[in-house]
Amino acid sequence: MPAVRFQPGDTVMGRWPGSNLYYEVKVLRFDPKTQLYTVIYKDGTELELKDGDIKSLTGFKQGRSRSRSRSRSPARTRRSRSRSPARTVRRSSSRTTEVRKEKFKEVLEVRLTPVMYFKIFAHFCLILGVLFWLLFLPVMVLALLILCAQEDASLLNFPLTPPPLHSLWDCQVFGIVLLWLLFQAVLSLLPIGKVVEGMPLKNGKTLKYRINGFYALIFSAISVGAASYNEVDLSYIHGHFLQFYTSALIISILLSVYLFIRSRWAAVDDLAPAGNSGYVFYDFFMGRELNPRIKDFDIKFFCEMRPGLIGWVVINFAMLLAEMKHKNLDTPSPAMLLVNGFQLLWVADGLWHEEKLLTMMDIVHDGFGFMLAFGDLAWVPFTFTCQAYYLASHPSDLSAFWIVAIMIMNVVGYYIFRKANSQKFAFRRNPSDPALSHLKTIPTATGKSLIVSGLWGFVRHPNYLGDLIMALAWSLSCGFNHVIPYFYLIYLILLLVHRNARDEHQCRKKYGLAWGEYCKTVRYRIFPGIY
Ligand SMILES: NC(=O)C1=CN([C@@H]2O[C@H](COP(=O)(O)OP(=O)(O)OC[C@H]3O[C@@H](n4cnc5c(N)ncnc54)[C@H](OP(=O)(O)O)[C@@H]3O)[C@@H](O)[C@H]2O)C=CC1
Ligand SMILES: CC(C)=CCC[C@@H](C)[C@H]1CC=C2C3=C(CC[C@@]21C)[C@@]1(C)CC[C@H](O)C(C)(C)[C@@H]1CC3
């Protein structure tokens, strides 16, 4: 049994339930049976806290020089809490009521400053913003798909006539999507491929992941090929594309609701840094739990790499068959072949390097909520396929010159993307790797160094640049008649510019002066001479 660390009367720092905020509290007693401390906050609230949620004043002050968000009164941040089943709140005595009344008066006085008004307004905007994205994203994808299928796929055709609701639903399609998810889940659980450890979590532990994405791609390709050989008409996907999207959307909503509900029982250490504000819509959108798992099955890792990503290439193939069928072609058009080939390369590359996803912010930092569930299950397979969907019903006559130029562009983009990502990964794994000894670096106070030559000395995010060059090649394959095939490129520019800002903010915090020096040496973020 662990020793009792604190005695009645000790002043310590207690975590406010469901948040990462600590406040000064007094220990009232310790219950050896439940192993809980009863503590009293300055506003008179009595709570029972676990040992792990209490820090000594000295330990906390040392920690605080690293993290600076914690000394406000709980009453001021009351809205950010969420109740944990492990703890019970008790406010009883009239003395407590008096203290609380006093505190409330004080809080009102403090709150009614322009800064507080601004904060309330900012929170209000945040909720409105999240509600907007919750409704807007699904509708936008639907509009994109409707537009893509129209003979004249011009943006000028807005507003579109929405299809009748019942036409968006098909039980059989829903069943197929469920089967696809199940098939991918089974593949991901096969005892093939190595098992690796993820990055250390807050509590110092690591999770294990089976890396078999590339095998899953091969199995899926063989299964789809066999189905097609046995005259299963894959162009059915093209004819029922809106229904497929609706099914994926419904599943992503159900999954997000499940994730949100189960997060109520998650331990504090399992929660993501963002997504635990206490605002229901915001937390639902951002995701509360960092790595939700059912036994060893990691739901986030699975969704991020498998059904949507592999689904993307299957849908592309279905669009290729639909193009041949509808246009009575013996072979697919060169544009369709380019789009299929380029995107298959990108997906295969991602699955080949699946392990690297474990170090990315999506896995290490972001919660799994509606944004990623919808992103992985609906956004990726239904917007990333928009070029193939467009080509299935719109011609793009490319001259031999254009075909070669576009292929060169994709090769250059891929080379930059792969080389930059692999170089950074290899350098992080072993900075003294002889193969990387030619690179110039800047040391940082954390002990890690930053590469400042080669691709990482050209721009601060060469991997983003490579990705964008490839995206441009995919869009150019579809010609210049409409802007719709450029949707992916526009999305990627916005996403990567935002991601870059987020990453640079983190790096500035992590590396301080060294990051400033890197930015001075390598002036541009993504586009040389422009941004
Ligand atoms: N198509 C799509 O929808 C998307 C594609 N992507 C692609 O995924 C890939 C990975 O992107 P992402 O995870 O965002 O970011 P990065 O792989 O660029 O990782 C950024 C991290 O790299 C490290 N780093 C930054 N500069 C240097 C340097 N000079 N030397 C050494 N290390 C450095 C820092 O981490 P630390 O120092 O802690 O190691 C930094 O936090 C990209 O190619 C991107 O294009 C990403 C999102 C969406
Ligand atoms: C608007 C909206 C809902 C956005 C959601 C964005 C997500 C779809 C993307 C955010 C980062 C992603 C990454 C991949 C897929 C798309 C999402 C989830 C990725 C796993 C694809 C495979 C690549 O090789 C990758 C590992 C580099 C990549 C990582 C980021």
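When a ligand or atom number is given, it counts from 1 through the structure's own listing order. Bear in mind the structure is a predicted one, so any value in this text is a computation, not a measurement.
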Side chain, backbone, both or neither: Lys356 near ligand 2, heavy atoms under 4.0 Å: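 No part of Lys356 comes within reach of ligand 2.
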Structural part of Val347 in contact with ligand 2, heavy atom criterion under 4.0 angstrom: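 It is neither part, as no heavy atom is under 4.0 Å.
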The one among Gly350, Gly375, Pro381 that brings a heavy atom closest to atom 24 (O) of ligand 2: Gly350
Closest candidate by heavy atom, reference atom 26 (C) of ligand 2, pool Thr383, Leu357, Asn463: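 Looking at heavy atoms only, the winner is Leu357.
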Proximity flag Trp346 to ligand 2, non-hydrogen atoms under 4.0 Å: yes
Arg499 near ligand 2 by a heavy-atom separation under 4.0 Å: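 Contact present.
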Any donor-acceptor pair under 3.5 Å from Glu323 side chain to Ser333 backbone: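 Looks like yes, one N/O pair under 3.5 Å.
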Compile the donor-acceptor pairs under 3.5 Å between side chains in residues 297-309 and protein atoms, sequence neighbours left out, one pair per line.
unit_1, atom_1, unit_2, atom_2, d
Asp298, OD1, Lys300, N, 3.3
Asp298, OD1, Phe301, N, 3.0
Asp298, OD2, Arg293, NE, 2.9
Asp298, OD2, Arg293, NH2, 3.4
Lys300, NZ, Leu290, O, 2.9
Lys300, NZ, Asp362, O, 2.7
Lys300, NZ, Ile363, O, 3.3
Lys300, NZ, Asp366, O, 2.4
Arg306, NE, Glu354, OE2, 3.1
Arg306, NH1, Asn212, OD1, 3.2
Arg306, NH2, Asn212, OD1, 2.7
Arg306, NH2, Glu354, OE1, 3.4
Arg306, NH2, Glu354, OE2, 2.8

Could you go through ligand 1 and note, for every N or O atom, any protein N or O atom closer than 3.5 angstrom, writing the atom names and distance to 0.1 Å, or 'none'?
unit_1, atom_1, unit_2, atom_2, d
ligand 1, 1 (N), Tyr488, OH, 3.1
ligand 1, 3 (O), Tyr491, OH, 2.9
ligand 1, 14 (O), Tyr464, OH, 2.5
ligand 1, 14 (O), Arg499, NE, 2.6
ligand 1, 14 (O), Arg499, NH2, 3.2
ligand 1, 15 (O), Tyr464, OH, 3.4
ligand 1, 17 (O), Lys424, NZ, 2.6
ligand 1, 17 (O), Asn463, ND2, 3.2
ligand 1, 18 (O), His461, NE2, 3.0
ligand 1, 18 (O), Asn463, ND2, 2.8
ligand 1, 19 (O), Lys424, NZ, 2.9
ligand 1, 22 (O), Lys424, NZ, 3.3
ligand 1, 29 (N), Ile451, O, 2.9
ligand 1, 29 (N), Tyr518, OH, 3.0
ligand 1, 30 (N), Ile451, N, 2.9
ligand 1, 32 (N), Arg428, NH2, 3.1
ligand 1, 37 (O), Arg428, NE, 3.3
ligand 1, 37 (O), Arg428, NH2, 2.8
ligand 1, 37 (O), Tyr511, OH, 2.3
ligand 1, 38 (O), Lys448, NZ, 3.0
ligand 1, 38 (O), Lys510, NZ, 2.6
ligand 1, 38 (O), Tyr511, OH, 3.3
ligand 1, 39 (O), Arg428, NE, 2.5
ligand 1, 41 (O), Asp503, OD1, 2.6
ligand 1, 41 (O), Asp503, OD2, 3.4
ligand 1, 43 (O), Asn421, ND2, 3.0
ligand 1, 45 (O), Asp467, OD2, 2.6

Partners passing side-chain contact (heavy atoms from CB on, under 4.5 Å) against Ser223 (at least two apart in sequence or in another chain): Phe183
Candidate pair Asn316 and Tyr389, rule side chain to side chain donor-acceptor pair (under 3.5 Å), full reasoning: CA-CA 7 Å; Asn316 271 357; Tyr389 189 40; over 6 Å; no
With Glu197 via salt bridge (charged side-chain N to carboxylate O under 4.0 Å, His left out) - residues at least two apart: Lys208
